[in-house]
Amino acid sequence: MSKKKKGGHGNLTLYIVGAIVAAIVLSLAAPHVATSLEVGGEIFLRLLQMVVVPLVMASVMSGILGLGDVRKLGRPGGYAVLYYLCTTMLAVVTGLIVVNVISPGYKVPQKLVEDAREEGAAAVEEAKNALTKETRIITWSRLFGSDQLTLNSKTSSSVSNAISVPAGQELVVLVTIDQSGVATTPAKVTVEGWSEGEDFHAITWEDSEGNEKTELVAEKEPETYTFVVPIPEEIKKVRLNYEAQEGGASSTVRAEVIRGSPTIYDIFKNLLLMLFTSNLLESMVEMNLLPIIIFSIVFAGMLTTMGKRSEPIANLVVAINDALMSFILLLMNLAPLGIFCLVAARFGKAQLEGQFLELIQVQFYYMITVLAGLGIHAMVTLPLMLWIFTRRNPYRFMLQMSQAVLTAFSTASSTATLPVTMECAEVNAGVSKRSTEFVLPLGATINMDGTALYEAAAAIFIAQAYSLIRPDFDLTLEQQFTIAITATLAAIGAAGIPEAGLVTMLIVLNAVGLPLELIGLILPVDWLLDRFRTAVNAFGDSVGAAIIDGSFDKEEAG
Ligand code: ASP
C-alpha cells in the first residue's frame, strides 16, 4: 500500500547496524564511558514506550473502523491466533530438537551447577514476586507470613505454634532449613497435621521416586535446604516439629503454607483472565495490552453500529492514529543515536561485571544451542511460512523489517518495539494497514516464538545439568511433552519486556519438578539471549501480519 519514504530505510538500517557495532566496540574498550550513556538510551526507550498504549488503542480502533464491521475481523482474527499458536509450537519443537542434539547441559562443570543453585535462590524470590505482582499465569501467594511458623530456638528441639489451613485448596508447606556451621547430626523437621478426631501426627508423602517420607533431613554442610510437603485434604492445622542439629553452629527453620504447583488448568485459567480487566486505566499504566485490545475492538465495534452519530469520534481516532504514526517516523530518525546509547550502556555494564568472560567460558554450549534454535526459526521456518503463504521473497522482507528487528535487539522489549514494527511493516514492507493495525498489536502480546523456543531449550538444558548432581533424575519423554506445552503457554503469557521470559521460566521448571534455583545457571547470559529472542519475537509478529494480510483480501473480495 503506502510506499512513502521508499529508499530511505536502507540507509537508516545501515546507520543502526553501524550504531550497534560501534556501541559494542565502545563497551568492550571503555565500559565506563559506555555505561554513562545510559540516560540517552533510556530517553529513546521512554519515547517508544510513551506511544505504545495510545497507538495500540488508536490503531486497533482505526483498523476496525476501516473494515466497517467488527464481524469482518472474525476470520482474519481466528487465522491470526491460529498462525501464532502454530509458529510458537514450531519454535518450541525446534528448541527441543536442538537442545537434545547439542545436549549443552551435560557439558556444564558439576561445581557450577551446585554454585548456580545458591545464586539462583535470590533470583527465584525476585521472579516469584514479579509473577505475583503481575498476576500473570500463576500466583505464588503466601497464605501465611513465614514468621508464624518460624522456630527461633536455634539449638534446642521444639514444636512450633499450630496454624489453621484453609479448606478446599491444594496447599503445600515450604520448609527452609538455614544451617550455619558443619553439623555432626543434621537438623530434622517433621510437618505435623491435625484433623478432626485425631491428634497431631506426622504428615507422610511420596517423593519423586515414590518412596514414602515423613521427615525432612538437612545435610551436614552449612547451606539453605528447602523442602516441599503437600498437605492432605483432611488436615485442618499444621505445625512443625524440629530436631536441632548437633555439633557445628546452629540452624533456623522457616516454613510457610503456599499454594501447590499450578496445574495446566490453572495456567489456562489465568491466561484467559489476562484478556479481561476490571480497570482499563490500570491496564494502561501497566502496559497490559491484551485487555486494551479487547476494549478497543468492542468500542470500535460499537462505533460502527452507530451510523452518523459516531463519525466525529471515528474521525478523531483515525487522525490520532495518523499523528502517532508520523511521530514514530520522526522518532526513527533518532534511532541510530538511541540504539547506540542503549546497546553501549547494557554491553558496558556486562563488560564491567565480567559477564562477557562468563559467557564464553561456561555457557558457551548453551548459548550456541539457543542461538542455533533461534537462527533456524528465523532463517528457515518463518521464511518458509512466508514464502508458502504469500510467495514473497522472505529475505527481502527481512531486510524491510530490519529496523524493527534491530530495535527489538537493542531494547529487548517487543512491546517497546511495536511502534517501529508497525511502521516498518506498513511503510517498508507494504503490509496493508488493515493487517498491521490489528495483527501486530495482538502479535506483540501473545506471539513470542523466540521466548517459547528459549523456554523449552533452557528447561531441558537445566534438566540435563541437574542430572549431573542428581544422577537418579531422568527426563522422560512425557516430561519433555509437558515442557513443550508449558513453554508455549508461558510464552503467550510473558510480557513484552526485558527478561520476562526468565520469570515465566519458573512455570516451566515447576511443571516438571525441577529445582527453581537452577535458573541461576542461565542467569548470567540471559540479558544477551533476551535480545536475540526479542528480535525473533518481533520478526515472527511481522511475518504473521504479512501472511494474515491475504486473508483480509479474500474476505473483502468474498
Ligand atoms: N524480552 C522479550 C520480549 O519483549 C520477552 C522475553 O523475555 O523473552 O519479547
Side-chain angles (χ1 to χ4, degrees), residues 41 44-46 48-49 52-53 56 84 87-88 91-92 94-95 123 126-127 130-131 134 136-137 271 274 286-290 339 342-343 346 350 366-367 369-371 373-374 377-378 382 401 404-422 424 439-459 461-462 483 486-509 519 522-545:
F44 178 64
L45 195 62
R46 287 188 185 194
L48 282 177
Q49 288 170 331
V52 169
V53 170
V56 167
Y84 284 150
T87 48
T88 304
V92 166
T94 310
E126 237 172 69
L131 271 180
E134 289 185 37
R136 276 169 189 280
I137 310 259
L271 274 182
M274 275 171 59
E286 289 175 0
M287 272 212 228
N288 272 342
L289 298 186
L290 273 183
I339 284 177
L342 268 175
V343 175
R346 187 57 188 91
Y366 167 61
M367 284 193 56
T369 307
V370 176
L371 292 180
L374 291 175
H377 191 69
L382 289 176
M401 291 306 302
V405 172
L406 293 170
T407 309
F409 176 86
S410 312
T411 57
S413 163
S414 41
T415 305
T417 309
L418 177 62
V420 185
T421 318
M422 291 175 75
C424 281
V439 182
L440 285 177
L442 187 70
T445 27
I446 65 165
N447 181 45
M448 300 212 179
D449 296 357
T451 304
L453 188 149
Y454 144 86
E455 305 234 349
F461 164 71
I462 287 177
I483 288 180
T486 42
T488 307
L489 297 178
I492 296 174
I497 54 171
E499 301 198 39
L502 197 62
V503 175
T504 53
M505 186 75 219
L506 294 190
I507 295 162
V508 184
L509 296 182
I519 56 167
I522 55 175
L523 219 54
V525 295
D526 195 65
W527 68 275
L528 186 58
L529 292 180
D530 187 18
R531 284 154 201 273
F532 288 98
R533 64 182 190 251
T534 311
V536 175
N537 289 346
F539 184 59
D541 295 344
S542 57
V543 171

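Counting convention: from 1, in listed order, for ligands and their atoms alike. Predicted model, so just to flag it, every value in this text is computed and none were measured.
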Query raised in the report: With sequence neighbours left out, what residues match Ser414 under side-chain hydrogen bond (donor to acceptor under 3.5 Å, both in side chains)?
Result: none
Query raised in the report: Can you tell me how far OH of Tyr84 sits from CG of Asp541, rounded to the nearest 0.5 angstrom?
Result: 5.0 Å
Query raised in the report: For residues Thr411 and Thr417, is any side-chain donor paired with an opposing acceptor at under 3.5 Å?
Result: yes
Report task. Can you sort out the partners of Thr486 under side chain to side chain contact (heavy atoms under 4.5 Å, CB included), two or more places apart, ordered by chain and number? Result -> Ile264, Ile267, Val508, Ala511
Query - Every residue of the protein that comes under 4.0 Å of ligand 1, judged on heavy atoms - result: Ala412, Ser413, Ser414, Met448, Thr451, Ala495, Gly496, Ile497, Pro498, Glu499, Ala500, Gly501, Asp530, Arg533, Thr534, Asn537
Report task. Please list, chain by chain and in numerical order, all residues satisfying side-chain hydrogen bond (donor to acceptor under 3.5 Å, both in side chains) with Thr451, sequence neighbours excluded. Result -> Asn537
Query raised in the report: Any side-chain heavy atom of Val370 sitting closer than 4.5 Å to one from Phe532?
Result: no
